[in-house]
Every structure is written in structure tokens, then in C-alpha cells.
> 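Take a look at the following structure, please.
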Amino acid sequence: MPELPEVETLVRDLRGLILGAEVARVQVSWAGAVAVPSARRFAAGLKGRRFLAVSRHGKFLQFDLSGSRCLLVHLRMSGHLAVLPPGAEPVLYTRVTFHLADGRRLAFSDPRKFGRLWLVDQPDLVLGKLGPDALADELTAEAFVRLIQAHRGAIKPLLLRQEVLAGLGNIYTDEALFRVGIHPLRRIDTLSAADLRRLYGAMREVLEQAIANRGTTLPDARFRDAWGNRGDNLGHLSVGRRKGQACPRCGAPLERTVVGGRGTYSCPACQRQAASNCD
DNA sequence: CTAGGTGCCTGATTGC
DNA sequence: TGCAATCAGGCACCTA
């Protein structure tokens with residue numbers, strides 16, 4: 001499931017591949033993939049545009065196009081983008097194909113059909129609801145502490161809310177909480193500012209390490225970079241998908257629970273529930 | 001406000 | 001063995 005590091009990996013790859021390229025024609029194979037506008041207007045509106053910039057906001061990819069238009073892509077669960085050389089076999093589950101003027105294709109594939117694309121004049125119409133990006137320079141440790149302390153309830157579900165903090169998903173949230181020994185259900189009001197500063201540091205480390213490793217490709221997942229290669233970060237996960245295996249810090253068997261409806265991996269010894277949750 | 005549920009989807013996994 | 005039921009999961013949306 002692409003989270004911030006996987007999206008960043010794709011952004012960096014695509015930047016090198018398609019900047020300056022012109023869209024000759026767009027083929028929408030599944031109209032549901034286009035959120036805004038209609039599939040027909042989406043295809044027509046992209047024709048003849050050039051890719052001027054590629055960036056990322058949380059898990060959204062942003063492609064700035066000539067003519068002051070903007071293509072936004074969210075991969076959700078199983079979406080992917082790949083640049084195919086002329087004559088390459090089509091990718092399975094391709095939903096939208098951008099035929100480039102130089103003969104290559106940018107293919108958006110998505111078996112689960114959760115991913116969406118937008119063609120807009122103002123990206124803020126879609127991105128404006130997002131909280132600060134988890135790796136943004138402006139998100140200092142102090143800003144992070146204030147951001148978290150503005151909310152109540154359990155820490156993990158809050159970290160997953162994109163309108164609060166953009167970019168974290170299930171895997172890296174679990175990793176960051178493990179690194180600082182905080183239980184996923186720990187109530188925010190029981191965490192000190194020092195706890196939250198440490199969580200901030202762990203979050204940035206986990207994300208930056210995953211980007212350096214070109215993302216995490218889970219055994220049963222499909223994430224690939226723009227070249228079709230798997231990410232190398234799987235072996236660097238401490239708890240993710242390691243139910244029953246030994247905690248890398250204390251050796252206790254790691255457990256899988258459900259928090260906020262999401263599979264959650266943690267160490268029952270290193271990440272104890274706060275006492276205040278039990279009174 | 002937060003918590004908890006449902007629907008969207010389909011490949012993989014589980015159950016009988 | 002084989003088929004059907006269930007699960008996973010990001011996000012929007014709904015209700016309590």
C-alpha cells in the first residue's frame with residue numbers, strides 16, 4: 001500500500017522520466033478511476049499538455065501541466081504508475097493510459113479500483129483538506145507537538161488522519177510508534193511534549209529511511225517503482241507483518257491487533273498501554 | 001469532537 | 001480437492 005515513501009520514490013523516478021514530455025492522447029479504460037471531471041473531459045483536457053513539474057503532497061502525486069492545469073493522482077491501495085517504452089506489453093489492470101508524443105506510455109494500473117485521478121485548475125481544491133506533509137520543513141518538532149495536542153483520543157488513529165497529518169499510513173505509523181515504545185491506543189492526553197518530540201523524530205527517521213530504501217514492497221503487495229522494481233525497505237521494518245516473530249529489541253513475540261479497524265503490529269512488552277487507560 | 005460502522009473493490013486466504 | 005465465504009485496507013461518508 002503506497003504511503004509517503006513509496007509515493008516519493010515514484011515522484012523522483014517520474015521526474016526523471018517524463019518532465020517535458022507531451023501528452024498525445026489519453027485512454028480511459030475504466031471511467032471510475034477519474035474523479036474530476038468526466039472521463040471524456042479528462043482525456044480531452046490533457047491532450048497536448050506537457051509535464052512541467054512532479055511533486056507530492058502526503059500520498060497525492062501532483063503533475064503540473066502546461067496551460068495552468070494540474071493532474072492529481074492518489075494510488076490508494078493498489079494503484080501504480082509506470083512509464084513504458086514504445087512497444088512494451090500493456091500492464092495488467094491498466095485503468096488510464098497517457099500516450100506520450102515520443103511513443104512511450106504512462107500507465108496508471110489499479111487492480112482494486114480504489115485509486116483516483118483529478119484534472120483541475122486549482123490543486124488546492126483537492127489538496128486543501130490535507131494537513132501538513134509529514135516531511136515538510138515547516139513541520140518542526142514543536143509544530144508537530146502542537147498539532148497532535150490539538151486533538152484527543154488514541155494516538156494511532158490520529159496519525160492516520162490525512163486532514164491532520166498527510167503521508168503516514170498503516171505500516172509507518174506502526175514503525176514510528178514501536179521505535180518510541182508507545183502503544184497504538186495510548187491516549188494523546190497521557191503523552192508529554194517530550195514523548196511527542198521523540199515520536200516526531202522517530203516518524204521522520206522511519207520515513208527517511210524508507211525513502212532511502214526506495215519504499216516497502218510487502219510480500220503480498222504490488223508496490224513497484226516506475227521501473228517495475230520492488231522497494232528494499234521490507235527487511236528494515238521492525239514490527240510490520242511480523243506477527244509472532246521476535247521483537248528486535250526485547251525478543252518477545254510481536255502481536256497483531258486491530259486498532260481503529262486496521263491491522264496493527266506492535267510489541268506487547270516494549271509498547272505497554274498507559275496506566276491511565278486501565279483506570 | 002471522537003468512535004465505530006459501512007461501502008467501495010478484487011486477489012489472497014481461510015473454511016468446510 | 002474445490003468451491004464459497006471472508007479478509008485486507010485508504011478513504012469518504014454515515015450515525016451515535
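First the proteins, then the strands, lettered A, B, ... as listed; each starts at 1.
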> On the nucleotide B:dC9, are OP1 or OP2 found under 4.0 Å from the side-chain N or O atoms that A:Tyr93 carries?
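No, outside the criterion.
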> With a cut-off of 6.0 Å (strictly less than), are more than 12 heavy atoms of other residues, nucleotides or ligands near CZ of A:Arg41?
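No, not enclosed.
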> Roughly how many Å is it from CZ in A:Arg112 to P in B:dT13, rounded to a whole number?
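Spelled out: CZ on A:Arg112 to P on B:dT13 is 11 Å.
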> Kindly work out whether a path of hydrophobic side-chain contacts (I/L/V/M/F/W/Y, heavy atoms less than 4.5 Å apart) joins A:Leu191 to A:Val145.
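In one cluster: yes.
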> Using whole Å, what does the distance between atom P of nucleotide B:dG11 and atom CE of A:Met77 come to?
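Spelled out: CE on A:Met77 to P on B:dG11 is 13 Å.
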> Any side-chain N or O of A:Lys59 less than 4.0 Å from the OP1 or OP2 oxygen of C:dC11?
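For A:Lys59, the contact criterion (side-chain N or O under 4.0 Å from OP1 or OP2 of C:dC11) is met.
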> Mind grabbing the angle between the end helix axes of the helix from B:dT2-C:dA16 to B:dC16-C:dG2? Five pairs an end, 10° rounding.
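One end's axis against the other's: 60°.
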> Take the protein atom NE2 of A:His57 and the nucleotide atom P of C:dC11, then report the distance between them rounded to whole Å.
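That distance rounds to 16 Å.
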> Identify whether the distance between the nearest side-chain nitrogen and carboxylate oxygen of A:Arg214 and A:Asp13 falls below 4.0 Å.
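Counted as a salt bridge, because a side-chain N and a carboxylate O are separated by less than 4.0 Å.
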> Using 30° and 60° as the class boundaries, would you call the ring planes of A:His74 and A:Phe60 parallel, tilted or perpendicular?
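Taking A:Phe60 first and then A:His74, their aromatic rings stand perpendicular (interplane angle over 60°).
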> Would you kindly give the CE-to-C1' distance between A:Met1 and B:dC9, to the nearest whole Å?
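In whole Å, B:dC9 C1' and A:Met1 CE are 13 Å from each other.
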> What does A:Asn170 touch in the nucleic acid at a heavy-atom separation under 4.0 angstrom: a base, only the sugar-phosphate, or nothing?
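Counting heavy atoms under 4.0 Å across all strands, the contact made by A:Asn170 is with sugar-phosphate only.
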> With sequence neighbours excluded, give me every salt bridge (Lys or Arg N to Asp or Glu O under 4.0 Å) pair touching residues 60-83 of chain A.
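Those involving residues 60-83 of chain A are A:Arg69-A:Asp121.
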> Walk along nucleotides 1-8 of chain B from 5' to 3' and tag each nucleotide B, S or - by protein heavy-atom contact under 4.0 Å, base first, then sugar-phosphate.
-SS----B
> Whole-Å distance between B:dT13 P and A:Arg256 CZ?
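Rounded to the whole Å, the gap is 14 Å.
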> Relative to the ring of A:Phe63, is the ring of A:Phe51 parallel (under 30°), tilted (30 to 60°) or perpendicular (over 60°)?
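It falls in the perpendicular class, over 60°.
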> Scan residues 129-139 of chain A for pairs that pass salt bridge (Lys or Arg N to Asp or Glu O under 4.0 Å), counting only residues two or more places apart or in two chains.
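Found A:Arg56-A:Asp133.
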> If the condition is side chain to side chain donor-acceptor pair (under 3.5 Å), which residues does A:Ser192 pass it with, not counting sequence neighbours?
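For A:Ser192, the residues satisfying side chain to side chain donor-acceptor pair (under 3.5 Å) (neighbours in sequence not counted) are A:Asp195.
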> By the 4.0 Å heavy-atom rule, please label A:Arg95 as base, sugar-phosphate, or nothing.
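The residue A:Arg95 makes no contact with any strand.
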> Listed by chain and number, what are the side chain to side chain donor-acceptor pair (under 3.5 Å) partners of A:Glu208, not counting sequence neighbours?
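Partners of A:Glu208 under the side chain to side chain donor-acceptor pair (under 3.5 Å) test: none.
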